[in-house]
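To start, the structure itself, in structure tokens.
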Amino acid sequence: MKKLFFLVFFLAFCLKTTSAKVFDAEEFYLDNGLRIIVVENHRAPIVKMMLWYKVGAMDEVAGKSGLAHLLEHLMFRGTTKVPASFFNQLMLQNGVDFNAFTSKDFTVYHALADISRLELVLALEADRMKNLQIDDQAFVGEQKIVYQERQQRIENNPQSLFYEEALNILWNNTPYGHPVAGTLAEIEALTKEDARLFYRSFYHPNNAVLVLSGDIDVKTAQILVEKYFGKIKNTKEKPVQLPVKNKRNGTYQITKELNEVQSTKISLSYIINSVIDDERRAFALSVFSSYFGGSSNSYMKRHLIKPQKVVSAQSSVDIFSRFMGVFNISVLPKPELSDDQNVKMLEDTINEALQGFSLQDLEAEKKKMLSWFVYTKDNPKEAAYIVGQMAALGMSLEKIENYEKLIEDVTLDDVKSSVENMINSAARMIAVVKPLQRKNNQ
Amino acid sequence: MIRQNLKLILGNILFLGLLVYALCLFFVRANSFNADEIVAKSILADKNFSVKVEEIISPQGHKAWMVEDHSLGLVAINFYFKNAGYAFEDEKKRGLGNFVSKLLTYGAGPYDDEKLHDILDMNAIELDFSVNSDDFNVSMTVPVKNLETGVRLLNLILTNPHFNKADIEVVRLQILEAIRMQSEQPERVLQQAFKKAFYNNHPKSRDSFGTSQSIQSLSQEDMFSFIENHFRKEDLVIALAGDLSPQNAADVIDQLFKGLKDKKNNFLQSELQPQYHFEKKNIERDIPQILARFILPGVERLDKDFYALYIATEIFGGSGLTSRLNLEAREKEGLTYGAYAFLNPEKGAPRVEGGFATSKENYEKMEEILFSLVSKMAGKGVTKEEFEAVKSSMLTSFNLRFKSLSDISSMLLYMQKEDLGLDFLQKRNEYVSKTTLEDVNKASYKFFNQKPSLITIGKM
């Protein structure tokens with residue numbers, strides 16, 4: 001391991017001379033496959049710890065929706081060494097700000113701690129990587145709690161429920177085709193054995209990335225991580241992740257009138273390649289999204305909002321995903337136009353924006369995007385998130401440090417061809433949600 | 001012979017016993033998790049970290065609090081104009097402050113909307129304007145190399161914004177839509193209803209967005225008179241953090257507020273008469289859960305009972321999963337994804353405020369748990385273990401507040417607003433340490449000794 005450690009160091013050193021690094025991070029691997037990235041920030045004696053497991057709702061088999069998320073909850077309910085809620089109790093006593101989240105792609109455990117408590121945080125995190133104990137009472141309790149969470153976060157708000165449904169249709173028959181929160185019936189049908197199996201299959205050092213961001217150097221990190229995670233056995237092979245099922249084609253449309261919804265909203269989503277499949281195009285689309293509806297002088301602001309053709313409009317991309325990415329446009333339309341007319345106007349606007357997109361526009365937009373990188377190290381929480389997400393996708397540290405260059409390198413041709421490709425052949429979803437009856441006075 | 005055998009057997013038993021004991025000891029030691037020992041023996045010891053807050057007075061007489069931090073070449077500036085919040089708005093001009101906050105970056109001085117945003121984006125200048133019930137808040141974060149540009153632009157925005165009529169209409173539409181959308185979210189509806197019940201008819205019960213009628217009637221003239229009335233030197237409270245010296249900071253402040261008028265306006269607020277006891281009320285809505293808000297009386301920030309009641313409230317319903325509310329309602333019964341309570345020390349209306357969400361069928365049980373835990377706080381107080389845990393949490397989490405420059409800068413602003421003193425950061429842990437179990441229990445008896453008032457939304 002030491003050799004590998006040295007080699008990575010050496011490579012990192014060589015890279016330093018060629019281009020500016022975004023994070024100045026260092027990385028090393030344990031023999032068991034755990035990947036560790038350290039981002040130093042010595043403003044205050046605190047550290048953000050993030051442990052990214054490369055498992056999420058997309059790894060759930062049919063009929064088991066909500067399992068990844070339920071397991072995340074169970075991870076706070078005790079191990080053979082730290083039983084019941086002692087984990088939470090210890091975190092409290094030691095002033096650690098901790099939580100976890102589950103997405104379609106990842107399950108992430110994170111904590112912000114005083115430097116004097118980092119060793120304890122690592123010890124506890126390592127302990128629950130291998131010693132989780134799932135007892136009946138905790139299992140049934142957490143099943144109820146995640147159901148309450150689902151109601152609170154999604155079902156209380158008809159609009160959230162609607163978007164969940166729209167996404168299920170868009171991603172139907174793919175690994176993203178069911179909600180992270182799980183459906184009620186499937187949450188109820190989950191068993192302790194399901195959770196145990198999921199834990200055994202995916203919670204391994206070689207299926208995780210640990211990020212330490214803050215007042216710590218790589219040497220100290222190495223000693224501590226080795227001490228607590230070093231003993232955890234490696235699984236011989238990487239866990240089997242689900243094969244990618246058929247990709248999507250065509251247009252899906254869903255329109256609903258809902259009680260309690262007060263204003264019409266239109267959301268247009270295209271399925272695009274993520275950075276893993278097509279880095280060039282993914283970054284080209286992210287530059288275009290910023291130009292079209294992301295930055296404060298966006299094309300849509302100039303051509304739709306200010307001339308009062310719509311009330312508001314934004315676009316965004318999600319390219320850091322394990323399966324596929326999304327290019328989304330969200331609009332609050334004005335009531336004068338029909339839904340179809342609004343959608344047509346949006347499509348025409350993308351086309352016009354693309355036709356007029358010049359080299360000058362490209363360079364200006366890239367410059368704007370790059371200017372914000374100056375803040376990446378201001379908050380150790382944000383640095384940990386960005387680095388962790390990219391690393392968990394399997395991107396090399398060299399790539400992560402070259403984040404700026406990936407944007408700089410986007411050419412006019414990249415943008416033109418990737419946007420054209422998207423509008424002409426990507427699967428897309430048009431989702432419209434509107435008030436149950438349009439009131440006359442509005 | 002027998003005796004000898006017996007001796008041997010006894011000896012063996014003794015030996016075996018010892019062996020088993022030793023093995024057990026070994027096993028337990030190897031398998032037990034000793035958190036205190038890990039912390040005590042950690043190679044990462046406590047760092048004696050202290051942040052010095054300085055008070056500076058600029059040549060023009062502006063006072064500001066600042067922290068120097070040269071680690072990243074960034075600067076954060078936060079300030080607010082006192083008594084410019086929505087509770088001070090004229091009845092007919094409700095929502096004016098929020099409207100202005102959304103319009104300020106639509107052009108200033110020689111720059112139109114587009115040019116202004118271009119410069120901000122190219123120079124990574126982050127600007128934010130917002131109102132709360134008391135004040136009008138402004139924050140700027142900027143790389144030190146672009147500080148001059150940032151200061152110049154923000155000065156133009158404060159002294160010479162355009163408020164173009166066409167832009168006013170664009171923003172007006174957005175605010176009207178935002179007002180409409182408020183009622184889509186049950187939490188927002190509940191929050192508004194809670195404010196109405198608690199503040200009674202006081203202007204603090206208003207929504208910062210205003211009403212559809214008031215927004216429709218606001219004019220360009222109103223926007224200009226808002227900044228004329230409120231952007232005044234004497235109403236400023238200022239904080240800075242980052243890569244600059246006190247001398248630089250003083251110059252920056254003078255440039256930033258150059259051209260603001262001197263004379264102070266007197267915007268007074270009618271006295272608050274908060275209602276701690278109101279009838280339980282439900283807002284009917286067909287959703288799967290019932291969402292609840294509850295309150296009990298509390299204390300203000302500088303009250304002698306502040307830390308005691310803060311600790312009691314943390315034990316009762318603090319943010320972690322180990323509060324009494326969460327242990328009982330969440331972990332033990334699985335009734336809710338979470339229940340919380342916190343001490344809100346608002347001047348003139350201090351309170352312990354809390355809430356939860358639970359399915360209709362769980363509601364009654366949930367309410368029962370809430371009431372019984374409240375009366376347990378009043379009857380038996382808290383245990384020594386609970387007290388020590390929360391106290392230790394408050395002490396060890398102290399440094400987490402320094403995570404970003406804007407966190408530091410906005411904390412300096414809060415310290416001034418609440419009169420915590422220039423040396424608060426040095427004294428704070430002392431204040432916590434000095435608080436005793438008796439103090440906490442006294443506060444617990446005093447403030448939890450009543451039924452909380454409740455307001456809910458859902459289908460009862």
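Throughout, protein chains are lettered first and strands after them, A, B, ... in sequence-line order, and every chain is numbered starting at 1.
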For [Y], is there an ion pair with [X] - N to carboxylate O distance below 4.0 angstrom?
{"X": "A/K367", "Y": "B/D121", "answer": "no"}
{"X": "A/D114", "Y": "B/K47", "answer": "no"}
{"X": "A/K265", "Y": "B/E184", "answer": "yes"}

#### Entry: For A/Y385, all residues meeting ring pair (Phe, Tyr, Trp, His ring centres under 6.0 Å), sequence neighbours excluded
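Expected list: A/W52.
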
### Task
Count the heavy atoms belonging to other residues, nucleotides or ligands that lie under 6.0 Å from CZ of B/F49, then report whether that count exceeds 12.
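Count over threshold, so yes.
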
### Task
Please look at A/Q308 and chain B and tell me whether the side chain, the backbone, both or neither of the residue comes under 4.5 angstrom of a heavy atom of that chain.
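Answer is side chain: those atoms of A/Q308 sit under 4.5 Å from chain B.
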
### Positive for side-chain contact (heavy atoms from CB on, under 4.5 Å) with B/K403, one of A/N41, A/I46, A/D97, A/D378
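Result: among A/N41, A/I46, A/D97, A/D378, A/I46 is the only option passing the side-chain contact (heavy atoms from CB on, under 4.5 Å) with B/K403.
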
### Query
side-chain contact (heavy atoms from CB on, under 4.5 Å) with A/L92: which of B/S323, B/S319, B/S393?
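Of all the options given, the one that passes is B/S393.
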
### Message
Between A/Q93 and B/E388, is the side-chain hydrogen bond (donor to acceptor under 3.5 Å, both in side chains) condition met? List the steps.
### Response
CA-CA 8 Å; A/Q93 276 164 22; B/E388 294 295 348; over 6 Å; no

### Query
Any chance the side chains of B/Y337 and A/Q148 put a donor and an acceptor closer than 3.5 Å?
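There is no such pair between these side chains.
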
### Message
Between A/S263 and B/E177, is there a side-chain donor-acceptor contact under 3.5 Å, judged purely by atom types and distance?
### Response
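Judged by distance alone, the side chains do pair up.
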
### Message
Before you tell me yes or no, could you show the steps for B/S359 and A/Q151 under side-chain hydrogen bond (donor to acceptor under 3.5 Å, both in side chains), namely the whole-Å CA-CA distance, both residues' side-chain angles and the distance that decides it to 0.1 Å?
### Response
CA-CA 8 Å; B/S359 295; A/Q151 287 193 326; 2.5 Å; yes

### Query
Taking only residues two or more places apart in sequence or in another chain, which ones pass salt bridge (Lys or Arg N to Asp or Glu O under 4.0 Å) with A/E72?
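Testing A/E72 for salt bridge (Lys or Arg N to Asp or Glu O under 4.0 Å), a comparison that skips the adjacent residues, returns none.
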
### Message
Please determine whether side-chain contact (heavy atoms from CB on, under 4.5 Å) holds for the pair A/E260 and B/I287, giving the CA-CA distance in whole Å, both sets of side-chain angles, and the decisive distance to 0.1 Å.
### Response
CA-CA 10 Å; A/E260 312 288 6; B/I287 49 176; 5.8 Å; no

### Task
Keeping the roles fixed (side chain from A/Y147, backbone from B/G334), state whether a donor-acceptor pair exists under 3.5 Å.
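Answer holds: no.
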
### Message
Quick check against the 3.5 Å criterion: does A/Y375 have a side-chain atom that pairs as donor or acceptor with the backbone of B/V142?
### Response
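Confirmed, A/Y375 side chain pairs with B/V142 backbone.
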
### Query
How far apart are the C-alpha atoms of A/L120 and B/S42, what are their side-chain angles, what is the distance that settles it, and do they pass the side-chain contact (heavy atoms from CB on, under 4.5 Å) test?
CA-CA 8 Å; A/L120 175 67; B/S42 174; over 6 Å; no

